[in-house]
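Chain naming here is simple, since letters A, B, ... match the order of the sequence lines and numbering starts at 1 in each. All values derive from a computational prediction rather than experimental measurement.
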Amino acid sequence: MPEGHSIHRLARQFTSVFAGQALQVSSPQGRFAAGAARLDGHVLTGAQAHGKQLFLEFDNDLFLRIHLGLYGAFDFGGDESFRGASSIGAPRRVGEQEAPDDGGLGTYTGPPPPKGAVRVRLVSPHGWADLRGPTACEVITDEERHVVLQRLGPDPLQQAKDGAEDFARRLASRGSPIAALLMNQEVLAGVGNVYRAEVLFRQRISPWTTGRSVQPEQAHALWNDVVDVMADGVAQGRIVTTLPGDRSDQAEPVPVSEAHYVYKRQGLPCRICGTDIALTEMAARKLYWCPSCQAG
DNA sequence: GGAAAATGATTAT
DNA sequence: TAATCCTTTTCCG
């Protein structure tokens, strides 16, 4: 998943290619036919992300709420205005796919026949977007949207002024291990399994440290690091958490094998100390960490 | 062809 | 904690 950085990229993509235009909304798969009918023909007035939630706003005061879950993803295609990434969401191969180069010949004539289980298809005069595999895809009102937002912690990608303090407060009020709290969207909105492991390593924090025992300065530093690393994820369209000096290969773009400190590196030597990276389950998800650098 | 895995979250036991 | 949902890709036979 699409962790928070992907959702913010989606909001940006929808704003740039669809905002201000009337969209044909359909559900080729059929499972979202009723919802699609309520939006069909309306103008997309905006797109916002909060954590892993994506809201598409239409001119009839309704919102399309989308949560990609583990394997949801959007595919895009169209004319030259669609020249960015063509796929955003669950990694199909590695990171996002670059748009196929049609030479900018203005050959776009319309969306292709839907392939597979397309829950929603959005079509403008300039291009299309297909959504597959989301956990949530529903039409809601503004009040319902606020109910969703109220349950979320601060989003490091939204730059709220009191984000760090808010995060520190939410951490300090709980006794669970920090590696579980970072995945809890009521504590911090947008972090998933990759960022939680990588950020804890970058800050050299033991995954079993309880939220309560995290010092305010440490919580602050952690927040700032999450902001940095996720903002970079938005810019790059992929998660790269290693510092250049900690990579054994300086190639650009950063090879997948050099992008992380601990995520999916169990049994491999820690980039800092050489200790084997460990793997455990926490909160029903795989947790990767360095037993030495992150000793409790 | 089938199973397993994948950057998630809710609900039930 | 376990079961469940959603879909595609990868790996194995």
Between A:S87 and A:D75, is there a side-chain donor-acceptor contact under 3.5 Å, judged purely by atom types and distance?
yes
What integer number of Å spans the C1' atoms of C:dT8 and B:dT10?
22 Å
Expressed in angstrom and rounded to an integer, what is the separation of A:H260 atom NE2 from B:dA6 atom C1'?
13 Å
Expressed in angstrom and rounded to an integer, what is the separation of A:L181 atom CG from B:dA9 atom P?
14 Å
Is A:H67 near enough to B:dA9 that one of its side-chain N or O atoms lies under 4.0 angstrom from OP1 or OP2?
yes
Is the distance from OP1 or OP2 of B:dG8 to the nearest side-chain N or O of A:Q185 less than 4.0 Å?
no
Can you classify the ring geometry of A:F76 versus A:F74 as parallel (below 30°), tilted (30 to 60°) or perpendicular (above 60°)?
parallel
Looking at side-chain heavy atoms only, is the closest gap between A:L171 and A:V187 below 4.5 Å?
yes
Checking A:E258 now: which residues fulfil salt bridge (charged side-chain N to carboxylate O under 4.0 Å, His left out) with it, not counting sequence neighbours?
A:R271
Euclidean distance for P, C:dT9 against B:dA9 (whole angstrom)
22 Å
Cationic N near anionic O, under 4.0 Å, A:D130 to A:R119:
no
note: A:R196, atom CZ; B:dG8, atom C1'; distance rounded to Å ~ 12 Å
Given atom NE2 of A:H50 and atom P of B:dA9, what is their separation to the nearest angstrom?
12 Å
A:R151 CZ: over 12 foreign heavy atoms closer than 6.0 Å:
no
Geometric class of the A:W223/A:F167 ring pair [parallel <30°, tilted 30-60°, perpendicular >60°]:
tilted
Distance in angstrom units between A:I66 CD1 and C:dC5 P, rounded:
22 Å
Steps toward side-chain hydrogen bond (donor to acceptor under 3.5 Å, both in side chains) verdict (A:R121, A:S26)
CA-CA 5 Å; A:R121 168 168 278 190; A:S26 61; 5.7 Å; no
When you check the phosphate oxygens OP1 and OP2 of B:dA6, does a side-chain N or O of A:K286 lie under 4.0 Å from one of them?
yes
side-chain hydrogen bond (donor to acceptor under 3.5 Å, both in side chains), paired with A:Q53, selected from A:Q185, A:R145, A:R65
A:R65
Rounded interatomic separation in angstrom, taking NZ from A:K264 and C1' from B:dA5:
8 Å
Can you pull every protein N or O that's under 3.5 Å from an N or O on nucleotides 11-13 of chain B?
none

What is the separation between atom CG on A:L70 and atom P on B:dA9, rounded to the nearest whole Å?
9 Å
Take atom CG of A:L287 and atom C1' of B:dA6, then tell me their distance rounded to the nearest Å.
16 Å
Just to be sure I understand the geometry, which residues of residues 28-35 of chain A put a non-hydrogen atom under 4.0 Å away from DNA chain C?
A:Q29, A:R31
